[in-house]
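Beneath this line is the structure, given in structure tokens, with notes to follow.
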Amino acid sequence: MRNIKIPGLSLTHTINTIFCIGRNYKDHAKELNNPLPDLPVVFTKPVNTVIFSGGEIIIPRRLTNDVHHEAEMVVSIGKFGSYISPEDAMEYVSGYGIGIDITARDVQSALKSKGHPWTLAKGMDTFAPIGDFVDAEKVADPHNLDITLHVNGELRQKGNTSDMIFTIPALISYISEYATLHKGDLIFTGTPAGVGPLHDGDEITAEIGNGISSLSVNVRDL
Ligand code: MG
């Protein structure tokens, strides 16, 4: 069993399930010609995807030629719970961090066109870089945090968590109706517009809340 700690939190959490939300920002749904969802679009990434700041995203070019960055606010869950009401949901949050939902877009499109799950497009090794998290009580308003991502110093993504279609309590409540949440679960809350391809040698930096959580990773082709 893997035993990977969420970096930065004052309490020790081993990463458990990694939930992700798709199409949670209007401008991003639009740039990929996807309809706006009536309910949250939920998928998971396996834990082999996790790397930390300073690490390397490895792109297996025999499998994909179009790997995209998706900068996202990531919420960590601090306690066990199911059927959590939106009113109680924020009590389950232990912290916030920046993450990048790395996506092999060509693989995802091929799988989607066949009606297959897109796990493999999102689940390759190193496809979930995360920065150091901060404890929840240090973040006054998680629904008003800037999200930025730069590639080689150039701004590629800029958004604000106030534009999320489904808020943190809505997401926690919705997921917990289906899947019991546990300490150490992560929720990638969706990406704003500006997703784009990565290339060998790229240097990526991303942050939320003007430095509340940041990360820096490099890209390497394999
Ligand atoms: Mg995403």
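Just follow the structure's listing: the first ligand is 1, and inside any ligand the first atom is 1.
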What's the separation between atom CD1 in Ile147 and atom OG1 in Thr161, rounded to the nearest 0.5 Å?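 Here the interatomic distance stands at 6.0 Å.
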As a quick check of understanding, evaluate side chain to side chain donor-acceptor pair (under 3.5 Å) for Lys122 and Thr103, giving each step before the final call. CA-CA 5 Å; Lys122 300 273 194 179; Thr103 304; 2.9 Å; yes
Linked, directly or transitively: Phe133 and Val47 (ILVMFWY side chains, under 4.5 Å):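 Same cluster.
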Could you tabulate the donor-acceptor pairs under 3.5 Å formed by side-chain atoms of residues 193-203, not counting sequence neighbours?
residue	atom	partner	partner atom	Å
Asp200	OD1	Asp221	N	2.8
Asp202	OD1	Asn152	ND2	2.9
Asp202	OD2	His199	N	2.7

Contact summary for Lys45 and Cys20, nearest pair of heavy atoms: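 Taking every non-hydrogen atom into account, CD-SG, 3.5 Å.
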Have Thr14 and Asn3 got a donor and an acceptor in their side chains that come within less than 3.5 Å?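 The criterion, which ignores hydrogens and geometry beyond distance, is satisfied for Asn3 and Thr14.
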What protein N/O/S atoms lie closer than 2.8 Å to the Mg ion (ligand 1)?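 Hits for the Mg ion (ligand 1) below 2.8 Å: Glu70 OE1, Glu72 OE2, Asp101 OD2.
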